[in-house]
Amino acid sequence: MISKKMAKEINDQIQRELFSEYLYLQMAAFLKGENFDGMAKWMTIQAKEEHSHAMKFFEFLYDRGENVILQKIDSPKNDFKSVLEVFKYAYGHELTVTKNINNLMALAKKENDYASESFLKWYVDEQVEEEASFDKIVKILQKIKDSGNGLIMLDKQLGKRE
Ligand code: OFO
């Protein structure tokens, strides 16, 4: 059993993870449209990861005797002007998700909900990786600036993600 408040917050987080999936899929579409197929592949894999994040919460709620109530997912931003803007926006998005996960962890601690705390630990660690991977790409893009060769090399590199 978990509290109704925790169940509500986890349902909200499922919506946010699915929104992340939607956002990254939109970014993949933009990158594909710009002929950066490697970056589009990287972002599509990222979108799939977000789906799996949502599904882990989904299963957890049932394991704890609560129901999933799916919510509306808004349209993500789609008017990107550059590859750098895409990755900067994604990095900013991940900082927000980290705050969401930290809030969930704070609630679990406040409620002495040790099972949720243990479960959420995975997400706390995952957010460190999520922030780092976007931040790294932003920093590379800032170095590359408008170099066509640099962008092509990065595209090739990111296309290796499995
Ligand atoms: Fe689910 O970590 Fe990104 O948003």
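Counting begins at 1 with the first residue of the sequence. Each ligand, and each atom within it, is numbered from 1 in the order the structure gives.
- Not counting sequence neighbours, the partners of Q26 by the side-chain contact (heavy atoms from CB on, under 4.5 Å) test are A29, P76, N78.
- Sorted by first then second residue, the ring pair (Phe, Tyr, Trp, His ring centres under 6.0 Å) pairs that include residues 125-162, not counting sequence neighbours, are Y24-F134, W42-F134.
- Remark: the backbone N or O of A115 is not paired with any side-chain donor or acceptor of S118 at under 3.5 angstrom.
- Here NZ of K109 is found 12.0 Å from OG of S116. Values are rounded to the nearest 0.5 Å.
- Protein N/O/S atoms closer than 2.8 Å to atom 3 (Fe) of ligand 1: E50 OE2, E94 OE1, E94 OE2, E130 OE2.
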Distance-only check: which donor-acceptor pairs under 3.5 Å involve side-chain atoms of residues 5-15, not counting sequence neighbours?
| from | atom 1 | to | atom 2 | distance (Å) |
| --- | --- | --- | --- | --- |
| K8 | NZ | D12 | OD1 | 3.3 |
| K8 | NZ | D12 | OD2 | 2.7 |
| N11 | OD1 | I69 | N | 2.8 |
| N11 | ND2 | A7 | O | 3.4 |
| N11 | ND2 | N67 | O | 3.2 |
| D12 | OD1 | Q71 | NE2 | 2.9 |
| Q13 | OE1 | R16 | NE | 2.9 |
| Q13 | OE1 | R16 | NH2 | 3.0 |
| Q13 | NE2 | E17 | OE2 | 2.9 |
| Q15 | NE2 | K72 | O | 3.0 |

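- Taking OG1 of T96 as the start and NE2 of H93 as the end, the distance is 7.0 Å to the nearest 0.5 Å.
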